[in-house]
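Proteins come first, then strands; the chains are lettered A, B, ... in the order of their sequence lines, and each starts at number 1.
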Amino acid sequence: MGLVIFNTLTREKQPFVPVQPGKVGIYLCGPTVYKPSHVGHAVGPIIFDAVKRYLVHCGFEVRWVVNITDVDDKLIVEAEKQNTTTIELAERITKDYLDAMKILRVDTIDIMPKASEHIGDIIDFIKRLEVRDIAYESGGDVYFDVTKDADYGKLSNRRIEDQAGQRDLQSAEKRNPADFALWKAAKPEEPEDVKFDSPWGKGRPGWHIECSAMAMRYLGETFDIHGGGVDLVFPHHENEIAQSESATDKPFAKFWMHNGLTKVNTKKISKSDADPEMQAVLQQMTLHNLLDEYPGELIRFFILSTQYRSPIEYSQAEIASKRKGLDTFYRLFERVARLCGVSPYEKATELGEPGDDPGAGVASDVLAKSCVEQTALFKKAMDDDFNTAGAIAALFDFAGIINRVIEQEKIESGGNVAVRRAPDAAKADVLTATARLISVARLIGVFLDPPDLQAADRDGLIDKAMNVLIQVRQHVRKNKDFTTADLIRDLLKEQGITLEDRADGTGWRKD
RNA sequence: GGCGGCGUACCCAAGUGGACUAAGGGGGCGGAUUGCAAAUCCGUUAUCGCGGGUUCGAAUCCCGCCGCCGCCUCCA
C-alpha cells in the first residue's frame with residue numbers, strides 16, 4: 001500500500017507519484033505579513049511540516065517552500081495606520097511569525113522567499129504572458145485575460161460566466177470582469193517603498209503572481225504539491241494555475257492539498273473580518289498570545305489530532321482535553337525514565353527512525369509485536385492522506401500497551417515472580433518500546449524534545465524543599481497519622497502540586 | 001443564485017461498500033490497585049442528521065429533506 005493524497009484538482013484520493021522519481025517539491029502559501037498571525041495560520045505549516053518529515057522518512061528528497069507576502073495593499077493601509085513603513089511592518093510581523101513557527105517546531109521549511117525580493121521574477125513572468133497575448137496592459141495595470149485560458153476554473157469548478165459581474169474591482173479598463181490583476185499601477189499617494197519599476201511604469205505585483213513566480217523559481221515549472229487553506233482555492237489558487245499553465249503550457253502543481261479552516265464559535269477566524277467580535281477574538285487568538293499560554297507542542301498536538309481537511313473548532317476546553325491526552329504520554333516517558341534511569345527521548349535518538357523491523361532489540365513478545373503493529377498502524381494512517389489523527393490513535397494504543405506491561409510485570413515494585421523475567425530485561429524492553437513510540441511520533445514532529453516542565457523554577461531549590469516535605473509526610477504515614485499526611489497533600493493540591501504515592505516512592509508534579 | 005464541504009456517543013474525532021457486533025482522546029460510571037488519593041490497568045458508555053432507494057451486504061453509493069459551514073471581495 002502506498003501513499004495516497006486527496007487532490008482538490010480531481011476531488012479524489014490519488015496515489016502519490018512524484019514528478020521526478022525520489023524528489024518532492026512542495027509549495028505552501030504563507031502569510032501576508034500585515035497583521036499578527038492566528039491559530040489558523042499555524043495549521044498549514046504544522047501539517048506540511050509533518051508531511052515533509054513523513055515524506056523524508058519514506059525516502060524522498062523534499063524541498064519545501066513557504067512564501068512571505070510582504071507586498072500587498074493591506075500592508076500599505078496597515079503601515080499608514082500604524083504610522084510606520086511597510087518594510088518595518090513586514091519585518092516585525094514576519095519575525096513574530098517565524099518565532100511562532102520555531103516554538104511549534106515547524107523547522108523543516110527549506111526556503112521562505114519574499115515577494116519583495118522577487119519583483120524581477122514576477123515581471124519576467126508577466127512578460128511571458130504578455131508576449132503570448134494572454135496578459136494585457138490597461139492604464140498602467142496589467143491583467144490576465146481569463147478568456148484566453150480554456151480550462152479556467154478547473155480547480156474550483158467554476159465557470160467564467162458564473163463569475164461575470166461578481167468581481168467588484170471597479171476597473172472599467174478590464175476586458176472581462178473575471179480578469180485579475182498581474183500588476184497594479186502605483187498611485188501617487190502611495191509610499192515609495194512599494195513602487196517598483198516595471199515595463200508598465202511604477203507599480204507592484206498583483207496578489208497571485210508572486211506565488212507562481214516564486215514556486216517556479218524554486219521548484220520548477222511543474223512540481224508536486226501545492227498547499228494552502230481551502231479559502232484560497234478561489235480565486236488565489238485558481239488564478240495561480242491559470243497564469244502558470246498559460247505561461248508554460250505545462251501542468252503547474254500535480255497535487256493540490258487544502259487544509260480545513262479553524263473556527264471559533266462555529267465561525268471561521270479571519271484576519272480581515274471587520275466584525276468587532278471577530279477582532280476581539282483575533283486579538284486573543286494570535287499565535288503570539290496563544291504560545292504565551294500554551295506549550296508549542298500542545299498546539300501542534302491539538303492541530304494534528306484532526307485530519308487536515310476537517311475544520312478545527314478552537315476552544316480552551318478542547319485544548320485542555322488535548323493537554324490531558326498529551327500528559328498521558330509525558331507521564332509514561334517520565335515513568336520509564338524513572339524506572340530505567342535513562343531518558344526514553346535519548347534512547348529514541350539512539351534508536352533512530354523505525355526501519356524494517358521496528359521491534360528489533362525487544363525481547364518481550366508482546367512489546368516487540370506492539371512495536372511492529374503500532375508502527376504499521378501509524379504508517380497506514382499517514383499513507384492515507386496524512387491522517388495524523390489516526391496516526392496519533394496508534395500512539396495512544398502503543399502507550400497503553402507499554403503501561404500495561406509495566407503493570408503486569410510489576411516493574412515498579414521490583415518484578416513479578418510469576419513472569420519469571422529478570423527485572424532488568426523487562427526494563428530494557430520497556431525502555432526500547434517507549435523509545436520506539438517516540439521515534440515513530442517524531443515522524444510527524446511530535447516528542448522531538450522533552451517538555452521543559454517547570455523550566456523556570458527548576459533551580460533545584462524547589463526540588464529540595466519538596467523532598468523535605470515528602471519525607472516528613474512519609475514519616476507521619478509510617479506512624480499511621482493519615483490526617484497529617486492528607487493535610488500536607490491537600491494543602492499542596494491547593495497550590496497546584498499533586499503528590500503521587502507509588503510503589504517505589506512518592507513523586508510530585510505541577511498541575 | 002452558483003460551486004464545494006460537513007452532520008458518527010455527553011464533548012472532540014478516525015473510518016467513506018464486507019475483518020464496523022464503528023478506532024483513539026476527553027468526560028461519566030463500575031472494578032483492580034491504594035490507608036485514602038493520584039497515577040496506571042480492566043470493564044462500560046453510539047447503529048453512524050432524517051426519510052426513501054441500490055446491493056447478498058451501507059456509517060460508507062444514489063435520491064429527497066432538515067441543520068451547519070466555506071468560497072463566489074481580501075483571507076491559511
Side-chain angles (χ1 to χ4, degrees), chain A residues 8 11 13 28-32 34-35 37-45 47-48 66 69 72-74 77 153 156-159 161-163 166-169 178 207 227-236 238 258-263 266-274 301-302 305-307 309-313 315 317-328 331-332 334-335 377 381 384 387-397 399-408 412-413 477 480-483 485-486 489-490 493 498-503 506-509:
Chain A
T8 307
R11 275 153 236 128
K13 287 181 188 174
L28 175 70
C29 285
T32 300
Y34 74 105
K35 263 187 193 178
S37 295
H38 55 69
V39 229
H41 296 108
V43 176
I47 295 299
F48 278 91
V66 179
T69 298
D72 183 270
D73 294 13
K74 288 204 285 284
V77 173
S156 58
N157 197 23
R158 273 157 226 254
R159 292 181 312 178
E161 310 84 80
D162 295 340
Q163 301 308 308
Q166 296 288 352
R167 205 167 298 207
D168 173 34
L169 284 181
W207 174 35
V230 270
D231 53 350
L232 295 184
V233 173
F234 189 91
H236 189 230
E238 192 68 75
H258 293 281
N259 61 269
L261 304 176
T262 306
K263 302 184 296 180
T266 75
K267 269 195 69 186
K268 165 193 167 186
I269 317 179
S270 171
K271 267 203 290 199
S272 52
D273 194 322
F301 187 78
F302 167 69
S305 293
T306 302
Q307 208 277 347
R309 281 190 287 131
S310 302
I312 301 175
E313 175 71 39
S315 73
E318 256 329 289
I319 294 278
S321 151
K322 291 295 181 282
R323 154 169 258 148
K324 293 202 171 176
L326 243 197
D327 278 344
T328 303
R331 285 209 194 88
L332 171 66
E334 271 176 26
R335 193 181 194 189
L377 285 171
D384 183 10
N387 184 358
T388 51
I392 287 174
L395 259 24
F396 271 109
D397 278 338
I401 292 163
I402 296 170
N403 268 134
R404 193 181 316 146
V405 169
I406 294 174
E407 294 292 309
Q408 283 175 350
E412 217 148 42
S413 53
R477 282 178 79 204
K480 305 260 185 233
D481 179 5
F482 296 120
T483 317
D486 291 350
R489 191 172 60 196
D490 292 346
K493 186 75 191 171
T498 303
L499 290 187
E500 292 182 15
D501 295 323
R502 301 180 303 259
T506 297
W508 66 276
R509 66 163 193 277

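- Among the nucleotides B:A13, B:C71, B:A38, the one closest to any side-chain atom of A:Thr306 is B:A13.
- Taking atom C1' in both B:C20 and B:U47, the straight-line distance is 9 Å, to the nearest Å.
- In terms of phosphate contacts, A:Asn403 brings a side-chain nitrogen or oxygen within less than 4.0 Å of OP1 or OP2 of B:C41.
- If you check every strand for non-hydrogen atoms under 4.0 Å, A:Leu332 touches nothing.
- At the heavy-atom level, A:Thr498 lies under 4.0 Å from the strands shown only through sugar-phosphate atoms.
- Rounded to whole Å, the separation between the P atoms of B:C63 and B:A23 comes to 29 Å.
- For B:A14, one of the phosphate oxygens OP1 or OP2 lies less than 4.0 angstrom from a side-chain nitrogen or oxygen of A:Ser310.
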>> Determine whether A:Lys480 and A:Phe482 satisfy the following criterion, side chain to side chain contact (heavy atoms under 4.5 Å, CB included), listing intermediate values before the conclusion.
In response: CA-CA 5 Å; A:Lys480 305 260 185 233; A:Phe482 296 120; 3.9 Å; yes

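- Here the side chain of A:Thr328 is nearest to one of B:C12, B:A76, B:G26, namely B:G26.
- The side-chain heavy atoms of A:Glu238 and A:Arg158, taken from C-beta on, include no pair separated by under 4.5 Å.
- With contacts defined as side-chain heavy-atom distances shorter than 4.5 Å, the pair A:Arg331/A:Arg509 qualifies.
- In summary, the side chains of A:Thr262 and A:Lys268 do not present any donor paired with an acceptor at a separation below 3.5 Å, with no hydrogens or angles considered.
- Applying the Watson-Crick and G-U wobble criteria (two distances, each under 3.5 Å), B:G43 pairs with B:C29.
- When the C1' atom is compared between B:G70 and B:A9, the two are found 27 Å apart, to the nearest whole Å.
- Among B:C71, B:A76, B:G35, the nucleotide with an atom closest to any side-chain atom of A:Asp486 is B:G35.
- At a cut-off of 3.5 angstrom, the base of B:G15 holds no donor-acceptor pair with the side chain of A:Asp384.
- For A:Leu261, whose side chain is taken as the heavy atoms from C-beta onward, the closest listed nucleotide among B:G24, B:A14, B:G70 is B:G70.
- As judged by a 4.0 angstrom heavy-atom cut-off over every strand, A:Gly40 is placed among the base-contacting residues.
- Straight-line distance between the C1' atoms of B:G17 and B:U45: roughly 28 Å, to the nearest whole Å.
- Within 4.0 Å of A:His38, counting heavy atoms only, lies at least one base atom of the nucleic acid.
- Partner assigned to B:G4 is B:C69, using Watson-Crick or G-U wobble distances below 3.5 angstrom.
- Counting distance only, with no hydrogens placed and no angle test, the side-chain atoms of A:Arg477 and the base atoms of B:G35 include a donor-acceptor pair under 3.5 Å.
- To the nearest 0.5 Å, the span separating OG1 on A:Thr388 from CG on A:Leu395 amounts to 11.0 Å.
- The phosphate of B:A38 (OP1 or OP2) has no side-chain N or O of A:Lys493 nearer than 4.0 angstrom.
- Residue A:Arg158 has its side chain nearest to B:G2 when only B:G35, B:G2, B:G70 are considered.
- When Watson-Crick and G-U wobble pairs are counted only if both distances are under 3.5 Å, B:C48 pairs with no nucleotide at all.
- When the P atom is used for both B:G49 and B:G15, the distance is 15 Å, rounded to whole Å.
- When both distances must be under 3.5 Å, the Watson-Crick or G-U wobble mate of B:G17 does not exist.
- B:U16 and B:U60 are spaced 12 Å apart, taking the P atom of each and rounding to whole Å.
- At the heavy-atom level, A:Gly400 lies under 4.0 Å from the strands shown only through sugar-phosphate atoms.
- Taking side-chain N and O atoms only, A:Arg335 has no distance below 4.0 Å to OP1 or OP2 of B:U40.
- With salt bridges taken as basic N to acidic carboxylate O contacts below 4.0 Å, one links A:Arg489 and A:Asp486.
- Searching all strands for a Watson-Crick or G-U wobble partner of B:A76 with both distances below 3.5 Å returns nothing.
- In this structure, A:Arg489 reaches the bases: a heavy-atom distance under 4.0 Å links it to at least one base atom across the strands shown.
- Between A:Lys324 and B:G25 there is no side-chain polar atom (N or O) within less than 4.0 angstrom of OP1 or OP2.
- Map A:Ala393 and A:Ala399 each onto its nearest nucleotide of RNA chain B; the residue landing nearer the 5' end is A:Ala393.
- Here A:Asn157 lies in heavy-atom contact (under 4.0 Å) with sugar-phosphate atoms only.
- The side chain of A:Arg331 has B:U40 as its nearest neighbour among B:U40, B:C11, B:G35.
- When heavy atoms are screened at a 4.0 angstrom cut-off, A:Glu500 is found touching base atoms of the nucleic acid.
- In this structure B:U55 sits in no base pair that meets the Watson-Crick or G-U test at under 3.5 Å.
- Atom OG of A:Ser413 is separated from atom CD of A:Glu407 by 9.0 Å, given to the nearest 0.5 angstrom.
- Using a 4.0 Å heavy-atom criterion, one finds that A:Ser37 contacts no nucleic acid atom at all.
- Note on A:Gly30: only backbone sugar-phosphate atoms sit closer than 4.0 angstrom, heavy atoms only; bases stay farther off.
- Nearest to the side chain of A:Asn387, among B:G35, B:G24, B:G15, sits B:G15.
- In this structure, the CD1 atom of A:Ile392 is 10 Å from the C1' atom of B:G25, given to the nearest Å.
- If you check every strand for non-hydrogen atoms under 4.0 Å, A:Leu499 touches a base.
- Using P as the reference atom, B:U55 and B:C62 are 15 Å apart when rounded to the nearest Å.
- At a threshold of 4.5 Å between non-hydrogen side-chain atoms, the residues A:Ile312 and A:Phe302 count as touching.
- Looking at heavy-atom distances under 4.0 Å, A:Asp501 makes contact with a base.
- Applying the 4.0 Å criterion to OP1 and OP2 of B:A76, one finds that A:Thr32 has a side-chain N or O inside that range.
- A straight line from CG of A:Asp231 to C1' of B:G5 spans 13 Å, rounded to a whole angstrom.
- With C1' as the reference atom, B:A58 and B:U21 are 15 Å apart, rounded to whole Å.
- Proximity of A:Ile406 to A:Leu332: side-chain heavy atoms (C-beta onward) are separated by under 4.5 Å at one or more points.
- In this structure, A:Phe396 places its CZ atom 14 Å from P of B:A13, rounding to the nearest Å.
- With hydrogens and angles ignored, no donor-acceptor pair closer than 3.5 Å exists between the side chain of A:Arg404 and the base of B:C42.
- In this structure, A:Leu28 and A:Pro311 both approach RNA chain B, and ranking their closest nucleotides by distance from the 5' end singles out A:Pro311.
- Between B:A39, B:A13, B:C72, one nucleotide has an atom nearer to the side chain of A:Pro235 than all others, and that is B:C72.
- When the nucleotides B:G70, B:C36, B:A23 are ranked by their closest atom to the side chain of A:Lys267, B:G70 comes out on top.
- Taking a centre distance below 5.5 Å and an interplanar angle below 30 degrees as the stacking criterion, A:Phe482 stacks against the six-membered base ring of B:G35.
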